[in-house]
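Worksheet: one structure, shown below.
Atoms considered below: every heavy atom in the structure, side chains included; atoms not considered: hydrogens, waters and symmetry mates.
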Amino acid sequence: MAEAAYNIPVFRQRTAEETEEYQRVATNVGKGLAVIQEELHRMRMATKAQVDSLAIQREVQDMMPKRLDLLDEFPRMPDFLVALRPHTVWEKTPVKLFCTVQGNPRPIVKWYKEGVPVDPLSAPGKYKIENKYGVHSLIISRCVVSDTAEYSAVATNQHGTTTSSATVTVKRPAGAGESCHLGLVPHLTEIHPSKLEVSLLDRFSVTFGVEGSSISLVCTMVVVPNLPNVPPLAQWYRDDKLLKPSKLVEMSVSGSAARLTLPYLAKDDEGLYTLRIFTKDGTAEHSAYLFVSDAAPSAAGAPGAPMSVKAYDINSDYVLVAWKPPNTVNEAPITGYFVDRCEVGSDSWIQCNDAPVKVCKYPVHGLSLGRSYHFRVRAVNSAGISRASRKSDKVTAIDAAESERLQVIKIEGKYDIVIKDDELEGYVTIPGEPTEVHASEIFKSYVVLSWKPPCPRGRAPLWYIIEKCLAGTGAWQRINTAVKLHSPRYPVFDLQDGQKYQFRVYSVNMYGSSEASAPSEPIQKVDQDGVPSAPGHVVATRNTKSSVFVQWEPPKNPKNLMGYYIDGRVVGSKEWFACNHKPFKHTRFVVHGLIPGETYVFRVQAANVFGLSEESQESSPIAVEPALATPSAPYGIAMLSSDGSSITLAWKSPKHCGGSKVNAYYIDKRDADTLVWKEVNLTGVTERVCTVGDLKEGTFYEFMVQAANLAGVGLPSAPSAPMKCEAWTMEEPGPAYDLSFSEVRSHSLVILWKAPVYTGASAVTGYFVDMAKKGSSEFVTLNQEAVRHRYLQVADLEEGETYVFRVRAVNANGIGKPSQLSDPVCAKALPGTSEIVAGVDEETGDVFLSLEACEICETSKFVWSKNYKPIGDCPRVAVTAKGRTSRLTFTNPDKDDLGKYSVVVTDTDGVSSSYTLTEDALNTMLELSYAIRHPIVPLKHALNYEILEKGHVRFWLQAVKLSPSVSYRFIVNDKEVTSGEGHKISHDVATGIIQMTVDHFTRANEGTYTVQINDGKAKTQSSLVLVGDVFKAALKEAEFQRKEHIRKQGPHFSEYLYFTVTEDCTVMLTCKVANVKKETTLHWYKEEDEIVPETPPSVMSGACAIPIPLFSRKDQGIFKAVLGDDRGKDTSVLDISGQVFDDIINAIAKIAGASASDLVLQCTPEGIRLQCYMNYYTEEMKTVWKHKESKIASSEKMRIGGTAEMAWMQICDPSDKEKGHYSIEISDGVKTHVRTFDLSGQAYTDAYEEYLRLKAAAFAEKNRGRVVGGLPDVVTIMEEKSLSLTCTVWGEPTPEVTWFKNEQEVASTEHTRVTFDGGKFASLVINKVTPEDSGKYSINVRNKYGGEFVEITVSVYRHGEQIPEPKLGHPKTATPAVTPVPPKSPAPPAKTPTPAPSKPQTPFMKSPTPVSTPASTPVPKSPTPPRSVKSPTPPRFMKSPTPPRK
């Protein structure tokens, strides 16, 4: 069927025009639609591609977590993606080693140097370990040559361990003076100090110094890089003022420290010191206050030295000196100041003001133009003058107006032309008058006048004349008559109070004077009422444990305020102390150096030029405690045990509790390979041990702990080391924990710890303690055997050294893991450390142990332990605390309380102490406790007696302490004695003495004496039994004292007879007398025979003496001195015998022995004699002769003797046996004086020859012919009588006898008969004598050894004549024969020569013996020798010459 044709509706039918238009439009629209469709298609395709891309991305993103989960679930051992690489660096430059590691779980990386773990804490600032974004790095900040080593990074997880290693080589540049051939050496000078990286380490703290000492402020640092010639740029400031190096300020900086040294401290140096170091990140700063206290005053109570002396308004002869007043706390107020000046280069200080100036300013005039000066100030108060202040800076006296007279003109900006006003003024002779006269300074003591110099002035030198007058009077009077004033300033001192003055000034030069200036305005001195008002309300608040923050309101009337002085006082004390010593400008101040826990009050004074204000009101009392803050972070997190699903942790308390007790801890955990922390406990734990559960076995965890107190939760601790959660199955115990220290002293300490949580397969049986010095890995085990208790006393430490400890637990299976290292501890006691004191309460008698802490805070507690186990609530003891003192009181002490007690003060720097209570100490305290609870009056001395003057007897006792209400009574033989006649009873509370004096002590006083004392609740009594021999001795002494008193009423001996020995060994008996007068006499007696001395004794001189020369045994006896006058007499007796005699001999021997000469050799016919000369010798002296150290006894062979001048020892008939060393020892009972002589060798030979010669001469003298006796010297006879001259002669052999008359031989005749009978009797008989028989007759007796002549004068007178006077013959003399033949003339008389003094070198002397000759018969015509002339043989009695004493 054919398709029906489409019929166009009527409404759509168009005309031809419409159809044409339609076709035209349709054609255009079709083209546009095609374009649109194409664009739409493009956009559709682009959109589809974008959608597909987003879908793919979304799918990828959705797949990524699934992939990660798959990766996480796939275990992998550690693998280094980026390994370590080697480095070569220069010394003192940094190096950074880094690596990237992957693994599942995330590995833990540890660093090693040559196999030894790297510990950043062992060398602070040296190493830095980082882990950022999976990159592990080790930074060595300052390399040294010793850092050259192999470094390793060891990555570990539960699936394995891998290591990456690299070598670091540190090279040192060439030394100084050597060229460096290494091209990599940096140009050090191109590095600016501000580009360095600086980290401050140990910083200087608040410091206290004293005037005159030195002090250094040091801050250590780490500098990267540390270059030797590029130190950091450091600046020091005092109170924000830059300091510059000088003699008073020394600065140094290096790569390790910055130091500021103040070698001569003064109060000017006090202030806030700031160290500012420029770094690449800006600046590093640190500030601390330096306090400088006054040195010891020159006089007690004198004020401190002024400070900040400066000079102002400097002119050619005038300068104004100003200073700051010192603080006066307990000293008297300052009344004024003295100002001194000294020219530069001189040490001579000149006082400028005669009277003290009362304000802190003084105008000094009279200076010399162009000279430089220093100034200093001394303060004065009623106690004295202070030390001088630090001298001011150098000040040069110059004309200040001279610079104002100069004009500078610049030409083209390059050249300066200087023109003086003198050149513009022209030629001026007389200057103009000064202008603007006024007072620039007005004070109570002086006024400073100022004016403008004249204009025109002239070129001639200028000076000024000042006049004054009372205002309105016009009576001008010149002031500076003796001073030539050059400056436009002048101080006027002599103005009257209450008067107004006017002043005018003249300008004067060599040409004349100007007109007077216009008078000044009336000027009047003002009252010195310029001190500030007192500061306002003072508030003190807590700051640190040793400082307080003080602030106050400024004074309402500051009056040019200089600053403030702050004073402090301990509550309960009256003494104030200065908190600062230099005026502080602000109204807030931190007071340092206070005692922790002590309570203080503070006050403030304002200071200005007039002095100090009144004190402010005191602040409220405040205890020195730290300000309340959150606690610091705990630390030292340690793993104690693990069971595979939980880990038990322990940690250490925060070092700072923040001023409040730590009441909770919060623990966070995280997987070691994540960064997200999770809370473990929402409720705080109070103990420092916690078990963390819900852990995955085999996973590493990190933990973090925070502490909380009243102020809130503090900072978290550093993350712990990763800990693996796996069950502990070892048989040995786990680690001990919570290591702490007590009783740290200079050489000892006590370490304590807690038992391990994990005990192992058996119970813990003991512990070993290891110790090492800080920074060392060499541990020493302190105990050889395991200790069962959990503490150990460590001794023999080095003072100031720092140590670390660890503890290892022991059970039956072995030694367990060591504990975590303890905190480093320094072997040094805290300042002010005190020990536990054991005592007994004086009121209650309780036995207690007490400790006064040197440091305490508000949260501190005293924790007492016995044998290091906390006591807690125990009925045997009671613990109390008051302030800084805690007391442990025993309720009923006995042996069960013995042991070691210790106490620890919490929240301090380790205040602790211990005390071992021993049985002896407890018994002693129990005895004292009983005495206190059952009181007695303690006696220092029990009842005793003493004999007083006049024979009174004093009974007394002394108590330790007596109160004014004491009562007592004396009981004698059961009867109470009261004060009355014959008895005096008294007491003295101050000395505790109770006494009774008996005036007349007799036999009736024998018996028992008792004193009973009641003093409050205390009682006591003391008795004295005075009977028998004891009483007799007391009675005898009393009677003696009574007699002594009576004796001393008249003349008496104040010192009885005693002896002394003078230098010449004379014994003096001496006594001293008293109460004598002119009529008093003194008589000496020996054995009742009176001795009358040559010089009568002088009793008025007070001393009398009698000498005993040449003292010997014959002087033994009883010597007596009797002193008397009309008032009575006194006798002194000295028995010189026994010991007294021996003492005198010893005293003589002491002087004689000291004066003894060396031994002298002397030969005699009998032998060889050794002689020792001395001041005096007597045989009673203890003298010993020795030969070859053997004592010599007196014998026929060895004779010992002496004279008053010497001691001798003679060797008779010496032989070679007697050779050797001889000595004499003189002993005085204390010392022995020895003199020696060596008789051997040539000395012996010479002595022996001399002895033989003398022996022969003596033999000849003995046997020569001689007249023995019978002949007279003169014969007178009457004529016709018979004369018979008969004598006895002797000689061996028999001598020959010859008679002579008038020198003519007489022959035998009837008239003259000569006979010689028996060889013994020789006679000459003249029968019937005649006058012719008168003459001189002589007999010559001689043999071969010699002979002698004897003369007789015969006178014959007739019967009836007067008998003639007899004429004696010549004296007998021995004349040596010169020749063997008879002499033709009378031989000259022989003289005995005196020997010269013996020389020490040769103590030997020959005797000058004449030579003996054979007898010779005289020729008849030879003249007859005179009568008694002997032959040259020495006679028997002739002694060998004695050398004089030395």
Side-chain angles (χ1 to χ4, degrees), residues 65-84 98-112 115-119 129-138 151-165 637-651 667-680 690-705 717-735 737 756-758 760-761 816-820:
K66 296 180 181 179
R67 181 176 180 275
L68 291 174
D69 292 340
L70 292 174
L71 291 174
D72 290 343
E73 294 174 0
F74 182 74
R76 289 185 301 169
M77 67 179 293
D79 181 28
F80 283 96
L81 299 179
V82 179
L84 297 177
F98 63 89
C99 61
T100 303
V101 65
Q102 67 176 5
N104 185 29
R106 180 179 298 172
I108 297 171
V109 176
K110 292 187 177 180
W111 293 87
Y112 293 85
V116 179
V118 175
D119 183 9
I129 298 176
E130 294 181 347
N131 178 14
K132 293 182 180 180
Y133 312 111
V135 178
H136 299 266
S137 60
L138 170 66
Y151 292 83
S152 304
V154 179
T156 305
N157 66 7
Q158 65 189 41
H159 301 295
T161 300
T162 186
T163 302
S164 176
S165 301
I637 302 174
M639 182 177 179
L640 302 183
S641 69
S642 175
D643 58 5
S645 62
S646 65
I647 294 177
T648 301
L649 304 174
W651 57 90
I667 302 100
D668 293 341
K669 69 175 182 179
R670 72 176 179 186
D671 290 351
D673 56 351
T674 65
L675 301 176
V676 180
W677 290 96
K678 296 180 181 180
E679 295 179 348
V680 173
C690 179
T691 301
V692 181
D694 297 331
L695 305 179
K696 293 181 181 180
E697 187 172 6
T699 303
F700 283 87
Y701 289 92
E702 294 179 352
F703 299 92
M704 188 168 61
V705 183
S717 67
S720 69
M723 302 176 183
K724 187 176 182 180
C725 181
E726 62 179 357
W728 285 9
T729 59
M730 64 269 195
E731 296 181 348
E732 298 83 6
Y737 68 100
V757 172
Y758 179 82
K817 292 183 177 181
S819 68
Q820 192 178 55

Exercise for the section: Begin with the C-alpha distance, continue with both residues' side-chain angles, and end with the deciding distance and a verdict on side-chain contact (heavy atoms from CB on, under 4.5 Å) for N131 and V109. Expected result: CA-CA 9 Å; N131 178 14; V109 176; over 6 Å; no
Closest approach of [X] and [Y], non-hydrogen atoms and distance?
X    : Y    : result
P735 : S819 : CB-CA, 3.9 Å
F80  : T163 : CE1-C, 3.6 Å
R76  : H159 : O-CD2, 3.9 Å
T648 : T691 : OG1-OG1, 3.0 Å
S137 : W111 : C-CZ2, 3.7 Å

Exercise for the section: Show your reasoning for whether side-chain contact (heavy atoms from CB on, under 4.5 Å) applies to I647 and F703. Expected result: CA-CA 10 Å; I647 294 177; F703 299 92; 4.2 Å; yes
To the nearest 0.5 Å, what is the distance between [atom1] on [X] and [atom2] on [Y]?
X    : Y    : atom1 : atom2 : answer
M639 : Q820 : CE    : CD    : 13.0 Å
L81  : S164 : CG    : OG    : 11.0 Å
D668 : S720 : CG    : OG    : 11.0 Å
S165 : Y151 : OG    : OH    : 12.5 Å
M77  : N157 : CE    : CG    : 7.5 Å
F700 : R106 : CZ    : CZ    : 13.5 Å

Exercise for the section: Please examine the side chains of S152 and K110, heavy atoms only from C-beta on, and report whether any two atoms are closer than 4.5 Å. Expected result: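 K110 does not reach S152 side chain to side chain.
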Practice task
Could you check if a side-chain atom of S717 sits within less than 4.5 angstrom of a side-chain atom of I637, using non-hydrogen atoms only?
Solution key: yes
Practice task
Verify the neighbour count for atom CZ of F98: are there more than 12 heavy atoms of other residues, nucleotides or ligands below 6.0 Å?
Solution key: no
Handout entry: Results of side-chain hydrogen bond (donor to acceptor under 3.5 Å, both in side chains) for R670 - residues two or more places apart only
Key =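 By the side-chain hydrogen bond (donor to acceptor under 3.5 Å, both in side chains) rule, R670 matches E702.
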Practice task
Using the test side-chain hydrogen bond (donor to acceptor under 3.5 Å, both in side chains), find all partners of E130 that sit at least two apart in sequence or belong to another chain.
Solution key: K128
Handout entry: Side-chain donor/acceptor of S642 to backbone N/O of C725, under 3.5 Å
Key =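 Flag not set: sc S642 to bb C725 has no pair under 3.5 Å.
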Problem - Side-chain (Y701) to main-chain (K696) donor-acceptor, under 3.5 angstrom - result: yes
Practice task
Please list, chain by chain and in numerical order, all residues satisfying side-chain contact (heavy atoms from CB on, under 4.5 Å) with Y758, sequence neighbours excluded.
Solution key: S641, W728, M730
